[in-house]
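Numbers for residues simply follow the sequence, beginning at 1. Quick caveat: nothing in here was measured; it's all calculated off a predicted structure.
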Amino acid sequence: MGGAVGGLSITVDVDGEAGLPEGGLGHADRLTSRSERLYGIARGLPRILDALAESGAIGTFYVPGATALAHADAIRAIVEAGHEIGHHGHHHLLTAGLDAAGEHGELADGLAALAEVAHVRPAGYRSPGWELTPVTLALLGEHGFAWDSSLMGDDRPYRIDAGGRTLVELPVHWSLDDAPHFAAGDGDAEALLRRWCAELRLALAEERHVTFTLHPEILGRGHRVDVLRGLLELAGELGVPVLSHGEVARRPAPPPWPGTPGPPR
């Protein structure tokens, strides 16, 4: 069955206030917007951690460096619970809007912050806003990252070139992210659970790995966290392993991206 190549990963983007436009910089007066992000750290994140603990599942938490510095205890709690930390920029700035020096700074500053707060050196990266640039991709190879989780070129892991080094791409998609579903604030949690469970069943049938993306201020609200519980319950019933992104990246190398141009004829 899909045990050798399948499985699912629960990933959590812990953006905090950095998830606001322009990384939250210059938005100190937007108290309501900032309070929602703080809710995600104070209430949503513990709910997600509790739901994962109930099923013994390990997740991968992508954290901006600035968020780690601002909420050190919350980020350390993730590590102490046995979960994996991934790099998610420093100020959660969209890399496509930065020059090369800015992209380098976001990567380097994020690494330094996560090392200071969580005492980890992430092996995986996820670009803020899921918009990866060639410059940052090359920097990932230069800094020895093992995987990226920002692209949408396939619905299963594949290999990509990063400045002469090969990385594993663990693809994402908006349909597997809670944010678009609840963008209007009134999304149906049960409808999202049905969609994600349907995706999980199909991934099992096709023997492929699938990544789901959560946000503490979104799926960590009240009854919405039951979407995570329901997904993990189905995974247990189907015998689908819940794997961290690091575990998936350490598997035998997946095939190259099917969209890679072939040799000239």
Side-chain angles (χ1 to χ4, degrees), residues 5-15 18-19 48 52 57-65 67-68 78 83-90 92-96 103 106-107 110-111 114 120-141 143-163 165-180 196 199-200 203 208-216 218-219 228 231 241-251 253-259:
V5 294
L8 81 150
S9 292
I10 301 298
T11 66
V12 185
D13 288 1
V14 189
D15 299 336
I48 289 173
L52 290 170
I58 298 299
T60 300
F61 290 70
Y62 288 95
V63 183
T67 300
I78 296 171
H83 300 291
E84 181 176 65
I85 298 292
H87 194 303
H88 198 36
H90 186 63
H92 199 270
L93 298 175
L94 300 182
T95 54
E103 292 189 64
E106 277 289 292
L107 193 67
L111 283 172
L114 293 173
V120 297
R121 201 293 184 188
Y125 176 83
R126 171 172 284 171
S127 60
W130 287 352
E131 196 57 73
L132 186 64
T133 69
V135 171
T136 292
L137 180 58
L139 287 171
L140 296 182
H143 283 77
F145 280 80
W147 80 86
D148 172 70
S149 182
S150 311
L151 303 178
M152 306 183 188
D154 202 347
D155 57 11
R156 62 206 72 210
Y158 56 95
R159 299 198 315 274
I160 54 173
D161 179 73
R165 178 186 173 93
T166 299
L167 302 185
V168 175
E169 179 61 37
L170 302 175
V172 293
H173 193 263
W174 301 114
S175 63
L176 307 178
D177 183 328
D178 60 0
W196 283 7
E199 180 70 25
L200 179 60
R208 60 178 169 85
H209 172 267
V210 60
T211 289
F212 296 93
T213 301
L214 289 57
H215 296 79
I218 298 175
L219 215 68
L228 175 57
L231 185 66
V242 181
L243 306 168
S244 71
H245 267 181
E247 290 178 290
V248 180
R250 289 189 292 271
R251 287 175 161 184
W257 180 43

| query | Looking at CG of Leu231 and CG of Leu8, how far apart are the two atoms once the value is rounded to the nearest 0.5 Å? | reply | 5.5 Å

| field | Stepwise side-chain contact (heavy atoms from CB on, under 4.5 Å) test for Leu52 and Ile58 | value | CA-CA 7 Å; Leu52 290 170; Ile58 298 299; over 6 Å; no

| said: Going by salt bridge (Lys or Arg N to Asp or Glu O under 4.0 Å), name the residues that satisfy it together with Asp178, two or more places apart in sequence or in a different chain. | reply: none

| field | Separation of Trp257 CH2 from Ile160 CD1 (nearest 0.5 Å) | value | 9.5 Å

| query | How many angstroms lie between atom CH2 of Trp130 and atom CG of Leu151, to the nearest 0.5 angstrom? | reply | 11.0 Å

| For the student: nearest non-hydrogen atoms of Leu219 and Trp196, plus distance | CD2-CZ3, 4.3 Å

| Quick one: does His143's side chain get under 4.5 Å of Leu111's, heavy atoms only? | yes

| field | Short side-chain to backbone donor-acceptor contact, Asp177 and Ala179, under 3.5 Å | value | yes

| field | Non-hydrogen atoms of Tyr158 and Met152 that approach each other most closely | value | OH-N, 4.1 Å

| message | Minimum heavy-atom separation for Pro128 and Gly89, please, with both atom names. | response | CG-CA, 4.3 Å

| said: Apply side-chain contact (heavy atoms from CB on, under 4.5 Å) to residues His209 and Thr211 and explain how you reach the verdict. | reply: CA-CA 7 Å; His209 172 267; Thr211 289; 3.2 Å; yes

| query | Is the closest side-chain donor-acceptor distance between His245 and Thr11 under 3.5 Å? | reply | no

| query | Taking His87 for the side chain and Leu107 for the main chain, is one N or O donor matched with an acceptor at less than 3.5 Å? | reply | yes

| field | Where Glu247 and Val242 come nearest, the two heavy atoms and their spacing | value | OE1-O, 4.3 Å

| query | Can you list the residues that meet the side chain to side chain donor-acceptor pair (under 3.5 Å) rule with Tyr125, with sequence neighbours excluded? | reply | none

| said: Check whether Glu106 reaches the backbone of Glu103 with its side chain - one donor and one acceptor, N or O, closer than 3.5 Å. | reply: no

| Polar side-chain atom of Glu84 near backbone of Gly246 as donor-acceptor pair, under 3.5 Å | yes

| request: Apply side-chain contact (heavy atoms from CB on, under 4.5 Å) to Asp161 and list each qualifying residue two or more places apart in sequence or on a separate chain. | output: none

| query | For the atom pair CG (Leu114) and CZ (Arg121), what is the distance rounded to the nearest 0.5 Å? | reply | 10.0 Å

| message | When you compare the side chain of Val12 with that of His215, does any pair of heavy atoms fall below 4.5 Å? | response | no

| field | Partner set under salt bridge (Lys or Arg N to Asp or Glu O under 4.0 Å) for Asp155, not counting sequence neighbours | value | Arg208

| request: Heavy atoms only: give me the nearest Ser127-Leu132 pair and the separation to one decimal. | output: OG-N, 3.6 Å

| request: Please list, chain by chain and in numerical order, all residues satisfying ring-ring contact (aromatic ring centres under 6.0 Å, His included) with His83, sequence neighbours excluded. | output: Phe61

| said: If the threshold is 4.0 Å, N to carboxylate O, is there a salt bridge linking Arg126 and Asp148? | reply: no

| field | CG on Leu176 to CZ on Phe212, rounded to 0.5 Å | value | 5.5 Å

| side-chain contact (heavy atoms from CB on, under 4.5 Å) between Thr60 and Ile10, worked out | CA-CA 6 Å; Thr60 300; Ile10 301 298; over 6 Å; no

| query | If you look only at pairs with a residue in residues 166-175, which of them pass as a side-chain hydrogen bond (donor to acceptor under 3.5 Å, both in side chains), with sequence neighbours excluded? | reply | His173-Ser175

| query | Do the side chains of Leu94 and His92 get nearer than 4.5 Å, heavy atoms only? | reply | no

| Taking Ser149 for the side chain and Leu170 for the main chain, is one N or O donor matched with an acceptor at less than 3.5 Å? | yes

| note | Between Leu243 and Gly6, the two heavy atoms sitting closest are CD1-O, 3.9 Å

| message | Test side-chain hydrogen bond (donor to acceptor under 3.5 Å, both in side chains) on Thr95 and Glu131; report intermediate values, then the result. | response | CA-CA 7 Å; Thr95 54; Glu131 196 57 73; over 6 Å; no

| If you measure from CD1 on Ile48 to CG on Leu228, what distance do you get to the nearest 0.5 Å? | 7.0 Å

| Quiz item: cation-pi between Arg165 and Phe145, 6.0 Å / 45° | no

